[in-house]
Amino acid sequence: MSAIISIVSSENGPLAGVTVVALEQAVAAPLCTRTLGDLGARVLKVENPRGGDFTRSYDDVVNGQAAHFVWLNRGKESVALDVRHPDGRALLHRLLARADVLVSNLAPGATARLGVGPDDLTRDHPHLVSVEISGYGDGGPLSGKRAYDLLVQAETGVCAITGVPGAPAKPGPPFADGTTGLYAAIAVLGALAERTATGTGARIAVSMFDAMAELMGYPLTWTAATGVDQLPVGMGSPAVAPYGAYPTADGRTVVLGTTNDAEWQRLASELLGRPDLAADDRYRHNPDRVAHRAELDTIVGDWCGSRALTDIQKAADAAGIGNSVYRTPSEVVEHPHLAARDRWRPVDTPAGPVRALLPPAVFSGRTAPMGAVPALGAHTDAVLAELGLTVHDVADLRAAGVVGALPTED
């Protein structure tokens, strides 16, 4: 476990005592390390003194701060250190010598240039669990290319199965970044468990391309077996029918449908009051219903269009048919289900407190560490002092541009 004494780490979590060094930017690695921090790890976010993680400047909508950065970086300590400078690299290695995990998602080849590539770490820090997140992984024709969420979603076919025919779309959330970050966090947990038995760290590589190809498992398996590309169906699924979004009589939109033959029987007989549909051989099995999607959507849509949302949901619940409400983000912010379950918490930021959601995993008897969002370099001096540097040492490094200036109070 880490020898560094924690400044903001939590004793409340299964990873308490684990120190993570993050050479990160954007979304994938920051989500990985925030997830580890949510589990109690201490996260040292090493940032370029000149601007830091570039998502800091994406926008200024959260009390002058960027929404991406506030979302992904609570509970971390910011160390403003120029790791391209020889003195900065030396300090980075001193941090790694006392840490447990290194997470990075820099540009292709950057970790090798900094002396923290897989071979370097095996030689210099064999105890360390390291995970390097890349766009496309090694050994392929795309390996050297830059990769962003949209680019990877397009490359792996995600956009082709989203939207409607002739109008492909990128799913709203950054699924390539997010899925990759979560796979990386899972891999770190496995490697830490293995290290408990062996005492030896691990070198892990996770690519956005591979993560999204895995998430495309159903459509890729279907197409590999049939030789046919499934067409997107908007707010629905090409796998099952009827299943989609239907306007209601009071101007809302309800989402409901079936995922198996038994549900179809209930939907037709109990919800729609149409036992004739339940008995119709054209709709008896799911592949048949998929082939008749358009006509079934019309039938369900007409039924929903003549009823209010609350009446539809009450009837669907009584029939055992899954249903939900199409909502906008502004509605979700005030969602009664989040409020009733007390899912929001205040989190400190350099510009004052903001609301943040608790982590999805709820540990019985434990409270999630909802630490502050750090100002750039806010923890630099304290972390370097833990390494034995004096105030004068840090002042000299600051004068040389190796460490960032002290954050100013707004």
Engineer: By the definition side-chain contact (heavy atoms from CB on, under 4.5 Å), identify the one residue from Val332, Val333, Val255 that meets it with Arg327.
Structural biologist: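 Option passing the side-chain contact (heavy atoms from CB on, under 4.5 Å) with Arg327: Val332.
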Engineer: Which pair of non-hydrogen atoms, one from Ala268 and one from Leu277, has the smallest distance, and what is that distance?
Structural biologist: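 So the minimum-distance heavy-atom pair works out to CB-CB, 4.0 Å.
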Engineer: Are the side chain of His127 and the backbone of Ala99 linked by a donor-acceptor contact shorter than 3.5 Å?
Structural biologist: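 Yes, the answer is positive, given that a donor and an acceptor are paired below the 3.5 Å cut-off.
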Engineer: In the structure I gave you, are the side-chain heavy atoms of Leu389 and Leu91 within less than 4.5 Å of one another anywhere?
Structural biologist: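 Yes - at least one pair of side-chain heavy atoms lies under 4.5 Å apart.
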Engineer: Which distance, rounded to the nearest 0.5 Å, do you find between the NE2 of His379 and the CG of Leu44?
Structural biologist: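 That separation rounds to 9.5 Å.
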Engineer: Has the side chain of Ser104 got a donor or acceptor atom that lies under 3.5 Å from a matching backbone atom of Leu106?
Structural biologist: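 No; zero donor-acceptor contacts below 3.5 Å.
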Engineer: Within a radius of less than 6.0 Å around CG of Asp317, do more than 12 heavy atoms belonging to other residues, nucleotides or ligands occur?
Structural biologist: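 Above 12, so yes.
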Engineer: CZ/Arg34 to CG/Leu36 distance, rounded to the nearest 0.5 angstrom?
Structural biologist: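 Result: 11.0 Å between the selected atoms.
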Engineer: Would you say Asp38's side chain and Gly75's backbone share a donor-acceptor pair under 3.5 angstrom?
Structural biologist: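 Pair absent, no side-chain N/O of Asp38 close to backbone of Gly75.
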Engineer: Residues in side chain to side chain contact (heavy atoms under 4.5 Å, CB included) with Asp342, at least two apart?
Structural biologist: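 Partners of Asp342 under the side chain to side chain contact (heavy atoms under 4.5 Å, CB included) test: Arg345.
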Engineer: Heavy-atom distance under 4.5 Å between the side chains of Arg289 and Pro242, does that happen here?
Structural biologist: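 A side-chain contact exists here, since the closest heavy-atom pair is under 4.5 Å.
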Engineer: Can any side-chain N or O of Lys314 pair as donor or acceptor with the backbone N or O of Ala316 at less than 3.5 Å?
Structural biologist: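 Not at all, since once roles are kept as given, no pair shorter than 3.5 Å links the two residues.
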Engineer: Please list every donor-acceptor pair under 3.5 Å in which a side-chain atom of residues 154-169 meets a protein atom from a residue at least two apart or in another chain.
Structural biologist:
from: Thr156; atom 1: OG1; to: Val152; atom 2: O; distance (Å): 2.8
from: Thr162; atom 1: OG1; to: Val158; atom 2: O; distance (Å): 2.7

Engineer: What distance do Ser134 atom OG and Leu142 atom CG have between them, rounded to the nearest 0.5 Å?
Structural biologist: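 Between atom OG of Ser134 and atom CG of Leu142 there are 11.0 Å.
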Engineer: Show the nearest heavy-atom pair for residues Met208 and Ala176, with the distance to one decimal.
Structural biologist: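 Distance-wise, the nearest heavy atoms are CE-CB, 4.0 Å.
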Engineer: Would you mind checking if Asp119 and Arg123 are paired as a salt bridge, meaning a charged N to carboxylate O distance below 4.0 Å?
Structural biologist: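 Looking at Arg123 and Asp119, the cut-off is not met.
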Engineer: Do Trp222 side-chain atoms and Gln230 backbone N/O form a donor-acceptor pair below 3.5 Å?
Structural biologist: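 Between the backbone of Gln230 and the side chain of Trp222 there is no qualifying donor-acceptor contact (under 3.5 Å).
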Engineer: Between the side chain of Arg89 and the main-chain N/O of Arg84, is any donor-acceptor distance below 3.5 Å?
Structural biologist: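 Yes, because the side chain of Arg89 sits within donor-acceptor range (under 3.5 Å) of the backbone of Arg84.
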Engineer: Determine, for Arg98 against Glu386, whether the closest basic-nitrogen to carboxylate-oxygen distance falls under 4.0 angstrom.
Structural biologist: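 So Arg98 does not pair with Glu386 through a salt bridge.
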Engineer: With a 4.5 Å heavy-atom cut-off, do Leu31 and Asp177 have their side chains touching?
Structural biologist: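 Answer no - side chains too far apart.
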Engineer: Taking Asp210 for the side chain and Ser207 for the main chain, is one N or O donor matched with an acceptor at less than 3.5 Å?
Structural biologist: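 Not confirmed, Asp210 side chain does not pair with Ser207 backbone.
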Engineer: Would you say Leu95 and Val383 make side-chain contact, with heavy atoms under 4.5 Å?
Structural biologist: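 Leu95 vs Val383: side chains touch.
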Engineer: Does the side chain of Thr390 come under 3.5 Å of the side chain of Asp393 through a donor N or O and an acceptor N or O?
Structural biologist: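 Indeed, the side chains of Thr390 and Asp393 share at least one donor-acceptor pair under 3.5 Å.
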Engineer: Will you find, in the side chains of Glu263 and Tyr243, an N or O donor that is under 3.5 Å from an N or O acceptor?
Structural biologist: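 Their side chains do not contain a donor-acceptor pair, so the 3.5 Å distance test is not met.
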Engineer: Taking the side chain as every heavy atom from C-beta outward, state whether Val254 and Arg307 have any pair of such atoms under 4.5 Å apart.
Structural biologist: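 Side-chain contact under 4.5 Å: no.
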Engineer: Does a side-chain heavy-atom distance below 4.5 Å link Gln313 with Leu256?
Structural biologist: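 No - every pair of side-chain heavy atoms lies 4.5 Å or more apart.
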Engineer: Quick one, Arg366 and Pro14 - any side-chain contact, counting heavy atoms below 4.5 Å?
Structural biologist: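 They are in side-chain contact.
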Engineer: Closest approach of Pro174 and Asp149, non-hydrogen atoms and distance?
Structural biologist: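 Distance-wise, the nearest heavy atoms are C-OD1, 3.1 Å.
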Engineer: Where does the angle between the aromatic ring planes of Phe54 and Tyr58 fall among parallel (under 30°), tilted (30 to 60°) and perpendicular (over 60°)?
Structural biologist: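 Ring orientation of Phe54 relative to Tyr58: tilted.
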Engineer: Show me the donor-acceptor pairs, under 3.5 Å and distance only, between side chains in residues 397-407 and residues at least two apart or in other chains.
Structural biologist:
from: Arg398; atom 1: NE; to: Gly404; atom 2: O; distance (Å): 2.6
from: Arg398; atom 1: NH2; to: Asp381; atom 2: OD1; distance (Å): 2.7
from: Arg398; atom 1: NH2; to: Gly404; atom 2: O; distance (Å): 3.0

Engineer: What pair of heavy atoms forms the shortest contact from Ser143 to Gly137, and how long is it?
Structural biologist: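 For Ser143 and Gly137, the tightest heavy-atom pair comes out as OG-O, 2.6 Å.
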Engineer: Less than 4.5 Å apart, any side-chain heavy atom of Val362 and any of Arg343?
Structural biologist: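 Touching, per the 4.5 Å side-chain cut-off.
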Engineer: Could you check Val46 against Val83 for side chain to side chain contact (heavy atoms under 4.5 Å, CB included), going step by step and ending with a plain yes or no?
Structural biologist: CA-CA 9 Å; Val46 178; Val83 294; 3.9 Å; yes
Engineer: Does any N or O in the side chain of Gln65 come within less than 3.5 Å of the main-chain N or O of Val62, such that one atom is a donor and the other an acceptor?
Structural biologist: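 Between the backbone of Val62 and the side chain of Gln65 there is a qualifying donor-acceptor contact (under 3.5 Å).
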Engineer: Go through the steps to decide whether Asp120 and His93 satisfy the test side chain to side chain contact (heavy atoms under 4.5 Å, CB included), and finish with yes or no.
Structural biologist: CA-CA 11 Å; Asp120 303 306; His93 279 277; 5.6 Å; no
Engineer: For Thr248 and Ala308, work out which heavy atoms get closest and say how close.
Structural biologist: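 Answer, listing the atom of Thr248 first, then Ala308: CB-C, 4.5 Å.
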Engineer: With rounding to the nearest 0.5 angstrom, report the CG to CG distance, Leu72 to Asp53.
Structural biologist: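 It is 8.5 Å, given to the nearest 0.5 Å.
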Engineer: Could you state the interatomic distance from CG (Asp288) to CG (Leu296), rounded to the nearest 0.5 Å?
Structural biologist: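 Result: 10.0 Å between the selected atoms.
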Engineer: If only atom types and distance count, is the side chain of Arg266 paired as donor or acceptor with the main-chain N or O of Ala319 below 3.5 Å?
Structural biologist: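 Looks like yes, one N/O pair under 3.5 Å.
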Engineer: Just distance, no hydrogens or angles: give the donor-acceptor pairs under 3.5 Å from side chains in residues 109-116, sequence neighbours left out.
Structural biologist:
from: Thr111; atom 1: OG1; to: Glu132; atom 2: OE1; distance (Å): 3.1
from: Thr111; atom 1: OG1; to: Glu132; atom 2: OE2; distance (Å): 2.9
from: Arg113; atom 1: NH1; to: Gly109; atom 2: O; distance (Å): 3.4

Engineer: How far apart are the C-alpha atoms of Leu272 and Leu267, what are their side-chain angles, what is the distance that settles it, and do they pass the side chain to side chain contact (heavy atoms under 4.5 Å, CB included) test?
Structural biologist: CA-CA 6 Å; Leu272 302 183; Leu267 185 146; 3.6 Å; yes
Engineer: Check Thr380 against Ala80 and note the closest heavy-atom contact, atom names and distance.
Structural biologist: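 Where Thr380 meets Ala80 most closely, the heavy atoms are OG1-N, 2.8 Å.
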Engineer: Between CG of Leu376 and CZ of Arg50, what distance do you get to the nearest 0.5 Å?
Structural biologist: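 The CG atom of Leu376 sits 10.5 Å away from the CZ atom of Arg50.
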Engineer: Among residues at least two apart in sequence or on other chains, which ones pass ring-ring contact (aromatic ring centres under 6.0 Å, His included) with Tyr326?
Structural biologist: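 Testing Tyr326 for ring-ring contact (aromatic ring centres under 6.0 Å, His included), a comparison that skips the adjacent residues, returns none.
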Engineer: Test: side chain to side chain donor-acceptor pair (under 3.5 Å). Region: residues 297-306. Which pairs qualify, not counting sequence neighbours?
Structural biologist: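 Counting only pairs at least two positions apart or across chains, the side chain to side chain donor-acceptor pair (under 3.5 Å) contacts touching residues 297-306 are Tyr246-Asp297.
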Engineer: Apply side chain to side chain contact (heavy atoms under 4.5 Å, CB included) to the pair Asn286 and Asp261, showing each step before the final yes or no.
Structural biologist: CA-CA 6 Å; Asn286 183 63; Asp261 293 344; 4.0 Å; yes
Engineer: Taking the side chain from Arg252 and the backbone from Val325, do they hold a donor-acceptor pair closer than 3.5 Å?
Structural biologist: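 No.
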Engineer: For the pair Lys76 and Thr33, evaluate side chain to side chain donor-acceptor pair (under 3.5 Å) and give the outcome as yes or no after the intermediate values.
Structural biologist: CA-CA 9 Å; Lys76 300 179 184 181; Thr33 58; 2.8 Å; yes
Engineer: Would you call the rings of Tyr136 and Phe209 parallel, tilted or perpendicular if under 30° counts as parallel and over 60° as perpendicular?
Structural biologist: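 Judged by the thresholds at 30° and 60°, the geometry between Tyr136 and Phe209 is tilted.
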